[in-house]
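Keep in mind that the numbers below use all heavy atoms, side chains included, and drop hydrogens, waters and symmetry copies. Residues: numbered from 1 along the sequence shown.
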Amino acid sequence: MDRTVTLQRIEGLLDRGGALGLALEKWQRAGLWIVTRSELDYPERLKRRLRLDSPPVLFGCGNKTLLNKGGVAVVGSRDADEADLNFSASLARAAANQGLSVISGGARGVDESAMLGALESEGTSVGVLADSLLRAATSAKYRKHLLAGDLALVSPFNPEAGFNVGNAMARNKHIYCLSDAAVVVNSTPDKGGTWNGAIEDLKSEWVPLWVQPKDDPASGNATLVQKERAGFRAICRRSQACRRWSPAEMRHPKKRGFR
């Protein structure tokens with residue numbers, strides 16, 4: 001008998017189990033599903049790339065099969081300017097027209113612009129949320145796409161959790177690891193989730209990383225390219241780990257390796 005496990009602790013765990021059962025019933029009534037790492041429809045890319053660091057449980061809604069489709073991750077700032085928002089939507093439309101799913105974080109700004117750009121072009125999208133999955137699942141913005149089977153929203157966190165910086169940072173790797181390639185629309189050097197996610201991908205070599213060309217030397221995108229030129233590939237040896245697009249590649253998406 002383990003005397004360190006007190007009666008009070010057992011009672012607390014039992015009470016928590018009851019509360020969890022009620023929460024599960026509430027989430028399922030709202031259309032949410034749950035998939036665990038041991039199930040066959042758990043995202044294979046997450047399990048292969050993150051191994052034991054992959055989330056043991058994913059909460060979601062919408063078309064679960066999209067989690068295993070792969071696609072292009074599009075990431076960037078919440079406070080993007082109009083040019084970057086237009087670029088995000090245009091890139092997403094191009095991906096959708098080639099049958100590629102768009103994967104992003106579901107936040108306002110670049111994420112939302114890219115996801116809606118793909119969906120409005122009759123494409124598919126996966127949103128990896130850091131918070132408020134339950135609210136997003138019932139929002140008018142996404143409802144028709146969820147019902148049509150063109151969208152999946154997923155989160156490794158409590159569906160009713162509010163915004164948390166730590167969760168937002170932690171979910172970045174899931175965006176990259178669900179994709180086959182990633183595009184950074186804009187970033188701030190040494191600051192924020194977009195920058196940290198890009199650096200993490202370069203170090204871990206999950207997927208090829210592409211950046212939108214930026215003339216501003218203070219841009220995080222320009223700094224990412226400078227890191228590559230300065231030998232950053234010493235820790236990321238893939239030939240396309242980090243680079244800018246040429247004008248021809250921007251005009252013709254197939255030249256960017258998106259087949």
Side-chain angles (χ1 to χ4, degrees), residues 66 70-98 100-121 123-133 136 139 141-142 145 150-155 163 165 167-202 206-216 218-225 242-245 249-250 253 256 258:
L66 294 177
V72 182
V74 182
V75 297
S77 171
R78 293 171 179 262
D79 299 315
D81 59 27
E82 186 174 355
D84 285 337
L85 295 179
N86 290 338
F87 179 89
S88 304
S90 178
L91 175 64
R93 286 192 293 268
N97 290 337
Q98 294 185 54
L100 297 170
S101 193
V102 170
I103 302 158
S104 199
R108 64 177 171 83
V110 166
D111 292 3
E112 185 177 285
S113 182
M115 290 173 60
L116 292 177
L119 293 168
E120 290 167 2
S121 297
T124 59
S125 184
V126 174
V128 184
L129 308 188
D131 62 275
S132 309
L133 173 64
S139 72
K141 177 172 54 182
Y142 292 129
H145 301 297
D150 299 328
L151 173 65
L153 299 176
V154 65
S155 177
F163 179 76
V165 173
N167 288 353
M169 294 288 191
R171 72 83 147 80
N172 287 331
K173 59 179 171 286
H174 305 138
I175 297 173
Y176 285 92
C177 289
L178 285 171
S179 72
D180 299 310
V183 179
V184 177
V185 175
N186 61 5
S187 61
T188 303
D190 302 309
K191 180 181 178 182
T194 302
W195 172 267
N196 288 330
I199 294 298
E200 191 174 12
D201 178 64
L202 286 172
W206 292 316
V207 296
L209 181 67
W210 301 74
V211 298
Q212 180 192 186
K214 291 282 189 179
D215 294 327
D216 182 3
S219 165
N221 288 18
T223 306
L224 285 172
V225 175
C242 175
R243 56 167 297 183
R244 294 170 63 125
W245 294 337
E249 288 172 322
M250 293 191 68
R256 301 198 291 268
F258 298 161

message = Taking the basic N atoms (NZ, or NE/NH1/NH2) and the acidic carboxylate oxygens, is any pair closer than 4.0 Å for Arg108 and Asp79?
response = yes

Note to self: Measuring only between side-chain heavy atoms, which start at C-beta, is Thr194 closer than 4.5 Å to Val184?
What the structure shows: yes

On a heavy-atom basis, the closest approach of Leu119 and Asp150 is CD2-O, 3.4 Å

**Prompt:** Does some side-chain heavy atom of Glu200 sit less than 4.5 Å from a side-chain heavy atom of Tyr176?
**Reply:** no

In terms of heavy-atom contacts, Gly105 and Leu129 come closest through O-CD2, 3.5 Å

Output for pair (Asp216 CG, Asn221 CG), nearest 0.5 Å, gives 10.0 Å

One should read off an interatomic distance between Phe163 CZ and Asp131 CG, to the nearest 0.5 angstrom, of 6.5 Å

Between Ser179 and Val72 the two heavy atoms that sit nearest each other are CB-C, 4.4 Å

Heavy atoms of Ala130 and Ala168 approach each other most closely as CB-CA, 3.6 Å

CG (Asp201) and CG (Leu209) are apart, to the nearest 0.5 Å, by 5.5 Å

When rounded to the nearest 0.5 Å, the distance separating CG of Asn86 from CG of Asp81 is 9.0 Å

Quick check against the 3.5 Å criterion: does Ser121 have a side-chain atom that pairs as donor or acceptor with the backbone of Arg93?
no

Checking Met115 against Leu153 for the side-chain contact (heavy atoms from CB on, under 4.5 Å) test, could you report, in this order, the C-alpha distance in whole Å, the side-chain angles of both residues, the deciding distance, and whether it holds?
CA-CA 11 Å; Met115 290 173 60; Leu153 299 176; 4.0 Å; yes

*Determine, stepwise, if the pair Asn172 / Val75 fulfils side-chain contact (heavy atoms from CB on, under 4.5 Å).*
CA-CA 9 Å; Asn172 287 331; Val75 297; over 6 Å; no

d(Leu100 CG, Ser125 OG) to nearest 0.5 Å is 12.0 Å

request  = State, yes or no, whether a side-chain contact exists between Asp84 and Lys214 at a heavy-atom distance under 4.5 Å.
outcome  = yes

With Val185 as partner, the option from Ser77, Ser88, Ser104 fulfilling side-chain contact (heavy atoms from CB on, under 4.5 Å) is Ser88

| Is the side chain of Ser139 donor-acceptor paired with the backbone N or O of Ala136 at a distance under 3.5 Å, no angle test? | yes

Query raised in the report: Does any N or O in the side chain of Arg78 come within less than 3.5 Å of the main-chain N or O of Ala107, such that one atom is a donor and the other an acceptor?
Result: no

task = Please examine the side chains of His174 and Cys177, heavy atoms only from C-beta on, and report whether any two atoms are closer than 4.5 Å.
result = no

Ala92 and Ala118 have their tightest heavy-atom pair at CB-N, 3.6 Å

* Is a donor on one side and an acceptor on the other found under 3.5 Å between the side chain of Asp180 and the backbone of Gly71? -> yes

#### Entry: Close side-chain approach of Trp195 to Leu224, heavy-atom, < 4.5 Å
yes

d(Leu116 CG, Asp111 CG) to nearest 0.5 Å is 10.5 Å

Shortest non-hydrogen pair, Pro189 vs Ser219, comes out as CD-C, 4.0 Å

